[in-house]
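Remember, it's 1-based here, ligands and their atoms both numbered in the order they're listed. The chain is numbered in sequence order, starting from 1.
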Amino acid sequence: MPDDAPRPTVSVPTPDTSPQHRPATRAVHAGRPAVVPDAPLNTPLTMAATYVAGGDVEYGRYGNPTWTAFEEALGELEGGRALAFSSGLAAVATVLDLVANDAVVVAPQHAYQGTLGQLGDAQLRGRARSRLVDIEDTDAVRAALDDDVALLWLESPTNPALEIADIRALTAAAREAGAYSVVDNTFATPLLQQPLDLGADIVVHSATKYLAGHSDALLGAVVVRDDELHDVLKKRRDLLGATPGTLETWLALRGMRTLHLRVERAQQNATELARRLEAHPAVTRVRYPGFGGIVGVELAGGAGAADLLCHATQVWVYATSLGGVESSLERRRRWRTEAATIPESLVRLSVGIEDVEDLWDDLDRALRAWS
Ligand SMILES: *Cc1c(COP(=O)(O)O)cnc(C)c1O
């Protein structure tokens, strides 16, 4: 088109991204650039360690537009204000750091092993005390919430025991006891469970898992409703330097555009596989809470059988971590850091989005190889 040709006037309506839209619509549209002519549809990857002086951000540790886009999208899905961190464990550490010296943290005995590791470390250093509970025993958790408790840590489902907490009842009990409540929502994702609506003060994510969803980025996040709490956590992130990688937030935002499709398919596959595994002669127990993409199987042949299974599959990848598009599995007790009350033969299956019949054929063949 010649330079002097008349151009059509483009009038672009501002899209309505209001929270009354359903989650799938929000997952696709949240955190996009303002709609003006020639604006990119997707948030650019802004690689910047510093900014021209005089603005609101000034330096790369204090903020980045790509982080902000990821935070807006996750915030819209969880119903709060999100902050991205360098990893899930950086998010966990920053939240645990909120408690005063010598305060008590009540936490699940089968929380993620890294979270338990941080609690154990804090106790060893005399920084905080932890009280580990059976998260499914609501009365026992309530009884543990005395005046010394500053924080109730919930994870539901737990990793890897797949226990379920009564989040609504327990966050109410924590509030009554004057304690903050936190939910690690990594397994459920905001599509299956929104803890802030169930009374939690803080939500934590390993965005490494389902949110990013492709096993290629380490990233964490915290989501809160309270503006003051948001600012305190932001200040901790600035001070500790627990800041996300820019490429990682971009990848996670890209991943979140298909979160609803991936979670739906993984859950559909997991439901079917859990049902079939229940009837498998090599399996003594199946743990599946009825939602999500993680299934636990305990094997009649013990740890040896579990190790063999992990080495015998061809479609399922033998690897730690979870929440990727590809199915993976591992025997959790191969890690020294895993809780001693997790059965030796427990194999955690992270069910991906492949064809369920291929996943079943591979598992069934591997399970029969030695039984
Ligand atoms: C993986 C995981 C974490 C830790 O996240 P990283 O991104 O690996 O640091 C925390 N909580 C749960 C439930 C996890 O599965």
Shared hydrophobic cluster for Leu277 and Leu359 (ILVMFWY, side-chain gaps under 4.5 Å): yes

Only heavy atoms of Leu89, strictly under 4.0 Å: list the atoms of ligand 1 that pass. 4 (C), 5 (O), 6 (P), 9 (O)

Just wondering, more than 12 heavy atoms not from Arg336 lying within 6.0 Å of its CZ? no

Hey, quick one: are Val232 and Val204 part of the same hydrophobic cluster, counting side-chain heavy atoms closer than 4.5 Å, chains of contacts allowed? yes

Who's the nearest protein heavy-atom neighbour of atom 15 (O) of ligand 1, and how far? Lys209 NZ, 2.7 Å

Nearest heavy atom to atom 7 (O) of ligand 1: which of Leu211, Ile294, Thr208, Leu219 does it belong to? Thr208

I'd like to check whether Glu155 has a polar contact with ligand 1, where a contact means an N/O of the residue lying under 3.5 Å from an N/O of the ligand. no

Identify whether NZ of Lys or CZ of Arg in Lys234 sits under 6.0 Å from the centre of the six-membered ring of Phe85 and within 45° of that ring's axis. no

Looking only at protein heavy atoms, which one is nearest to atom 5 (O) of ligand 1, and what is the separation? Ser206 OG, 2.9 Å

Shortest protein contact, atom 4 (C) of ligand 1 (heavy atom only): Tyr112 CE2, 3.4 Å

Is any N or O atom of Thr115, backbone or side chain, closer than 3.5 Å to an N or O atom of ligand 1? no

Proximal ligand 1 atoms for Asp184, defined as those under 4.0 Å from one of its heavy atoms: 10 (C), 11 (N), 12 (C), 13 (C)

Pro108 side chain reached by Trp153 side chain, heavy atoms, under 4.5 Å: yes

Under 3.5 Å: N/O of Gly88 near N/O of ligand 1: yes

Among Arg332, Arg333, Arg331, Arg287, salt bridge (Lys or Arg N to Asp or Glu O under 4.0 Å) partner for Glu298: Arg287

Closest heavy-atom pair, Phe291 versus Ala188, reported as atoms and distance to 0.1 Å, is CE1-CB, 4.0 Å

Per-atom contacts, ligand 1 versus Asn159 - under 4.0 Å to a heavy atom: 14 (C), 15 (O)

